[in-house]
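Working notes for the structure below.
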Protein chains: 2
Amino acid sequence: MRHYFHPEIEDVCLPDVLFALSDATRLGIAVALADGKERTAGELGGSLAKSTMTHHLKVLREAGALRVRSEGTRCYNSLRLEELQERFPGLLDHLLGFAVKCGYTSADARSRD
Amino acid sequence: MRHYFHPEIEDVCLPDVLFALSDATRLGIAVALADGKERTAGELGGSLAKSTMTHHLKVLREAGALRVRSEGTRCYNSLRLEELQERFPGLLDHLLGFAVKCGYTSADARSRD
DNA sequence: ATTGATGTACCAGAACTATCGAACAATGGG
DNA sequence: CCCATTGTTCGATAGTTCTGGTACATCAAT
């Protein structure tokens, strides 16, 4: 069972969140997770190398933007929507709205329900 | 008379704006300019080296966040509020609102939370 | 023309970032 | 126990960012 560092929501700071979302790849990941569901790194990864994906998910996680839950050999990633809504009300919705409009979709993440 | 590059507002892209604002110094600059008035690099600079200030203003300018007007020996910087409002309605207000709340004020007095 | 004020250009160094491949660890299924 | 799946860690590389110093350009005023 893996251990991941997640900052407390009150320790999440604005520049870190903005930085995490200032990369097209990570913005695409956030857009892919905007529905609130969990997805594994593999589902989000597209054609990126696994280690690159690990890196981007780590940046998002350490900025406080997403949470990882380990189960078996997989790790399920989801946005910390409610917590961020409390910390920065409306910010994520607002940002991801523009991101969708501008076409930042996850590298490959087909919505496979 | 100096010449500055300013991107067309339709070429301004979200990750660049987020990146420009993902640095505490630049976020402070943006907050200082949030009233819509113009300020010179010197007024914004605080204790930073002039060349460092030039760098940060350039990042903000090239991201499309601010406009520079040269007059005499001075350069007057102001946020592109109306244009950004058209491009990303509400984004800047929203972001700068949180930035103020979190204490990102002009380059000098920074007591982040 | 000289001086002072303001800001830029360019350089350098340290730190950081994005990307990938290879090796490794953890888990679950035969 | 062996093996495939999943993801992390490590090392490497190339590029970027932040900071400041020095030199330079521009302009105003004397």
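To find a chain, count down the sequence lines: A is the first, B the second, and so on, and within it residues start at 1. Bear in mind the structure is a predicted one, so any value in this text is a computation, not a measurement.
Between Tyr4(B) and dT8(C) there is a side-chain N or O to OP1 or OP2 distance below 4.0 Å.
Note on Val68(B): it clusters hydrophobically with Met53(B), by side-chain heavy-atom contacts below 4.5 Å among ILVMFWY residues.
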- Would you give a per-nucleotide map of nucleotides 18-26 of chain C, 5' to 3', where B means the base has a protein non-hydrogen atom under 4.0 Å away, S means only the sugar-phosphate does, and - means neither? SBBB---BS
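In this entry the distance linking CD of Glu38(B) with C1' of dG7(C) reads 16 Å, nearest Å. One atom, CG of Asp16(B), and another, P of dT16(D), lie 13 Å apart when rounded to the nearest Å. Tyr76(B) has its OH atom 12 Å from the C1' atom of dA5(C), to the nearest Å. Note: CG (Leu57(B)) to P (dT17(D)) measures 16 Å, nearest angstrom. Straight-line distance from the CG atom of Leu60(B) to the C1' atom of dC18(D): 14 Å, rounded to whole Å. Rounded to an integer number of Å, the gap from CD of Glu43(A) to C1' of dG7(D) is 13 Å. As a whole-Å value, the separation of Leu44(A) CG from dG7(D) C1' is 13 Å. Summarising the geometry, the separation between CE on Met53(B) and P on dG21(D) is reported as 16 Å, rounded to the nearest angstrom.
Using a 4.0 Å heavy-atom criterion, one finds that Ser70(B) contacts no nucleic acid atom at all.
A distance-only check finds a donor-acceptor pair linking the side chain of Arg87(A) to the backbone of Val12(A) [under 3.5 Å].
Under the salt bridge (charged side-chain N to carboxylate O under 4.0 Å, His left out) criterion, Arg67(A) pairs with Glu83(A), not counting sequence neighbours.
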- Task: Could you check Asn77(B) against Ile29(B) for side-chain contact (heavy atoms from CB on, under 4.5 Å), going step by step and ending with a plain yes or no?
- Result: CA-CA 10 Å; Asn77(B) 301 271; Ile29(B) 292 171; over 6 Å; no
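Nearest heavy-atom pair across Pro89(A) and His94(B) is O-NE2, 2.9 Å. Leu95(B) and Leu18(A) make their closest contact through CD1-CD2, 4.2 Å (heavy atoms, listed as atom of the first residue, atom of the second, distance).
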